[in-house]
Structures are given as structure tokens and as C-alpha cells.
Amino acid sequence: MSRKILILTGDAAEVLEVYYPVFRVAEEGYEPVIAAPQKKVLNTVCHDFIEGWDTYTEKPAHRLAADIAFADVDPTEYAGIIIPGGRAPEFIRNDKDLPRIVRHFLEEDKPVGAICHGAQVFLALNDNSLFQGRTISAYNACRLEVERLGAIYPEETLYVDGNIVSGHAWPDLPGFMREFLKAVRNSEASSDKAEEASAI
């Protein structure tokens with residue numbers, strides 16, 4: 001099974017939700033691959049909260065090089081995907097190559113991690129049957145979008161539903177990455193057993 005994890009993002013991704021997964025994936029011995037609409041240096045942002053504001057603030061954060069453009073991604077080469085939040089999901093979901101990438105992981109039951117606004121990407125698939133009755137967490141402002149998918153928005157900020165691991169925002173990252181990496185290892189174990197069975 002592949003030792004590569006695909007991270008789907010773009011400009012204005014939340015800095016913690018990109019960098020934390022990149023480092024955790026690498027720490028566990030997998031190769032993180034950053035995919036974006038174009039292969040270029042991306043600008044991440046820091047979202048934070050100010051008392052009295054009803055929404056978050058945004059400041060420029062670290063830059064991050066994309067390794068590959070969506071058009072050049074062969075999803076069969078990856079063990080799983082992570083979709084960080086921030087503002088990136090609202091525009092990367094308009095890329096024509098994004099639906100085929102995400103669809104592969106959902107249909108092949110590979111691990112899919114989506115945190116914060118990451119669930120917005122799922123609306124690009126134009127096929128809600130993949131989400132009907134599933135439970136998906138996301139930033140509270142994305143609740144309507146999750147429900148439009150036909151999915152259930154949970155009270156819990158971190159949720160695992162089969163191959164989909166989802167979280168509300170960057171404070172969920174420790175649990176989010178723990179559960180995502182567990183899903184990857186379980187997927188590897190299942191793949192190994194299937195290969196052993198076919199060899200008998």
C-alpha cells in the first residue's frame with residue numbers, strides 16, 4: 001500500500017490545519033504531498049477569535065509550497081487524503097479535477113480527513129449519495145452545508161464515521177490526526193490481509 005498521504009488545499013488555508021498534518025504524517029513515516037489548483041507557493045492564514053466578534057479574524061501566516069497541481073494527481077497513488085480548512089475549501093472546490101480526486105477516496109473506502117471548512121469541498125461532487133446518513137463534523141458556520149449533503153452534523157467536535165474523520169477546528173487537531181492515522185493503519189492492515197488471501 002502507498003506510503004503517501006495527499007493534502008488538498010490552496011491559498012488561505014488555515015496554517016495550523018495544514019502544517020500540523022504535514023508534520024504528523026511525516027513523523028509517522030508517511031510522505032505528505034501538498035496538492036493545490038496550481039503547483040506554486042501558497043499563502044496560508046491564521047484565524048483567531050476576538051471577544052465581542054461574531055466571527056473570526058484573519059492574518060497572513062507561513063508560506064507553503066504545493067508539490068503537485070490537482071490536474072496531475074493520480075489518486076490511486078495515495079493511502080488517504082486530508083482536507084484542511086480556512087478559506088481554501090470554498091474556492092478549491094471549483095477546480096474541475098477536485099471531484100474525481102475526492103470521489104476516488106470515498107468510493108474506495110480510503111481514509112478521508114476533513115477539518116473545519118474542509119467539508120465544503122464535498123459539495124463539489126454533485127452526488128450526495130456518498131454522504132447520506134453519514135455524520136460529519138465541521139466548523140459551525142458550515143453546518144448548513146453538511147446538512148445539504150444529507151449528512152448529520154454532530155454535537156461532538158471530533159467525529160469518526162467509517163473512513164471519514166472530521167473535526168470542528170484547529171483545537172481538534174491532536175485527536176483528528178490520531179484518528180486519521182489510525183484509519184490509515186487499519187486500511188493498510190485490511191489491504192495486507194486481502195493480498196495474503198488472494199495469494200493463497
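From a predicted model like this one, the values you see are computed outputs, not experimental measurements.
- A donor-acceptor pair is defined here as one N or O able to donate and one able to accept, closer than 3.5 Å; no such pair exists between the side chain of S166 and the backbone of I136.
- Using a 4.5 Å cut-off on side-chain heavy atoms (C-beta onward), I81 and I7 make no contact.
- Transitive grouping of hydrophobic side chains (ILVMFWY, heavy atoms separated by less than 4.5 Å) brings V22 and V165 into a common cluster.
- Under a 3.5 Å cut-off, the side chain of D67 and the backbone N or O of I34 do form a donor-acceptor pair.
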Before you tell me yes or no, could you show the steps for R63 and N43 under side chain to side chain contact (heavy atoms under 4.5 Å, CB included), namely the whole-Å CA-CA distance, both residues' side-chain angles and the distance that decides it to 0.1 Å? CA-CA 5 Å; R63 303 187 83 202; N43 298 284; 3.3 Å; yes
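- With a 4.5 Å cut-off on side-chain heavy atoms, L125 and L106 count as touching.
- Remark: side-chain polar atoms of D48 are not paired, donor with acceptor, to backbone N or O of T57 under 3.5 angstrom.
- Hydrophobic clustering keeps Y139 apart from F131 (ILVMFWY residues linked when any side-chain heavy atoms are closer than 4.5 Å, directly or through intermediates).
- Remark: the backbone N or O of G80 is not paired with any side-chain donor or acceptor of K4 at under 3.5 angstrom.
- Here the shortest heavy-atom pairing between S2 and E188 reads O-OE2, 4.2 Å.
- Every residue meeting the salt bridge (Lys or Arg N to Asp or Glu O under 4.0 Å) condition with R103, not counting sequence neighbours, appears here in chain and number order: E107, D127.
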Passes side chain to side chain donor-acceptor pair (under 3.5 Å), H47 versus K59? Steps please. CA-CA 7 Å; H47 286 153; K59 301 176 184 69; over 6 Å; no
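- Side-chain contact between S137 and E156: absent, with no pair of heavy atoms (C-beta onward) separated by less than 4.5 Å.
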Worked verdict on T76 versus H104 for side chain to side chain contact (heavy atoms under 4.5 Å, CB included): CA-CA 8 Å; T76 65; H104 167 81; 3.7 Å; yes
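- Between F122 and A114, the shortest heavy-atom contact is CZ-CB, 3.9 Å.
- Of all non-hydrogen atoms in P75 and R100, the two that sit nearest each other are CD-NH1, 3.6 Å.
- Between F105 and P111, the closest side-chain pair of non-hydrogen atoms is not below 4.5 Å.
- With E14 contributing its side chain and L16 its backbone, the two residues share a donor-acceptor pair below 3.5 Å.
- Although no hydrogens or angles enter the test, the distance criterion places no donor-acceptor pair under 3.5 Å between the side chain of Y153 and the main chain of E147.
- Summarising the geometry of V25 relative to M177, their closest heavy-atom pair is CG2-CE, 3.9 Å, with the distance given to 0.1 Å.
- Between F176 atom CZ and L173 atom CG the span is 7.0 Å, to the nearest 0.5 Å.
- Checking side-chain atoms of S187 against main-chain N and O of A183 turns up no donor-acceptor pair under 3.5 Å.
- R148 and E145 are not joined by a salt bridge, as no carboxylate oxygen comes within less than 4.0 angstrom of a charged side-chain nitrogen.
- Partners of F91 under the ring pair (Phe, Tyr, Trp, His ring centres under 6.0 Å) rule, at least two apart in sequence or in another chain, do not exist in this structure.
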Give the C-alpha distance, both sets of side-chain angles, the deciding distance and a yes or no for side chain to side chain contact (heavy atoms under 4.5 Å, CB included) between F180 and V112. CA-CA 8 Å; F180 177 80; V112 175; over 6 Å; no
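- Cluster membership for I115 and Y56, using ILVMFWY side-chain heavy atoms within less than 4.5 angstrom, is not shared.
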Can you list the steps and then say if E27 with R24 is a salt bridge (charged side-chain N to carboxylate O under 4.0 Å, His left out)? CA-CA 5 Å; E27 185 179 39; R24 281 295 291 120; 2.6 Å; yes
As a quick check of understanding, evaluate side chain to side chain contact (heavy atoms under 4.5 Å, CB included) for I83 and H117, giving each step before the final call. CA-CA 9 Å; I83 309 168; H117 288 74; over 6 Å; no
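- Taking OH of Y159 as the reference point, atom OG1 of T135 lies at 4.0 Å (rounded to 0.5 Å).
- Taking N128 as the reference, nothing meets the side-chain hydrogen bond (donor to acceptor under 3.5 Å, both in side chains) condition, with sequence neighbours excluded.
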Assess whether salt bridge (charged side-chain N to carboxylate O under 4.0 Å, His left out) is satisfied between E179 and K182, documenting all intermediate values. CA-CA 5 Å; E179 294 297 334; K182 185 191 298 183; 3.5 Å; yes
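- Looking at R87 and D11, no side-chain N of the basic residue comes within less than 4.0 Å of a carboxylate O on the acidic one, giving no salt bridge.
- Cluster annotation: V45 is not connected to L8 through the hydrophobic network of ILVMFWY side chains, with a link wherever side-chain heavy atoms come within less than 4.5 Å.
- The side-chain heavy atoms of N163 and E108, taken from C-beta on, include no pair separated by under 4.5 Å.
- Looking only at distances, a side-chain donor or acceptor of T44 sits under 3.5 Å from a matching main-chain atom of H62.
- Counting only heavy atoms from C-beta outward, the side chains of I82 and L6 never approach each other to under 4.5 Å.
- Connection of Y78 to V121 is established within a shared hydrophobic cluster, with ILVMFWY side chains joined at heavy-atom distances below 4.5 Å, either directly or through further cluster members.
- P37 approaches G10 most closely through the heavy-atom pair CD-CA, 4.4 Å.
- Remark: R3 does not engage E77 in a salt bridge, criterion side-chain N to carboxylate O under 4.0 Å.
- Without hydrogens or angle criteria, D172 side chain to H168 main chain gives a donor-acceptor distance under 3.5 Å.
- Residues E28 and V184 are not in side-chain contact: their nearest non-hydrogen atoms beyond the backbone lie 4.5 Å or more apart.
- When every heavy atom of A138 is checked against every heavy atom of A119, the shortest pair comes out as CB-CB, 4.0 Å.
- Two residues are said to be in side-chain contact when any heavy atoms from C-beta on lie closer than 4.5 Å; V15 and W170 fail this criterion.
- No donor-acceptor pair closer than 3.5 Å links the side chain of R93 to the backbone N or O of L123.
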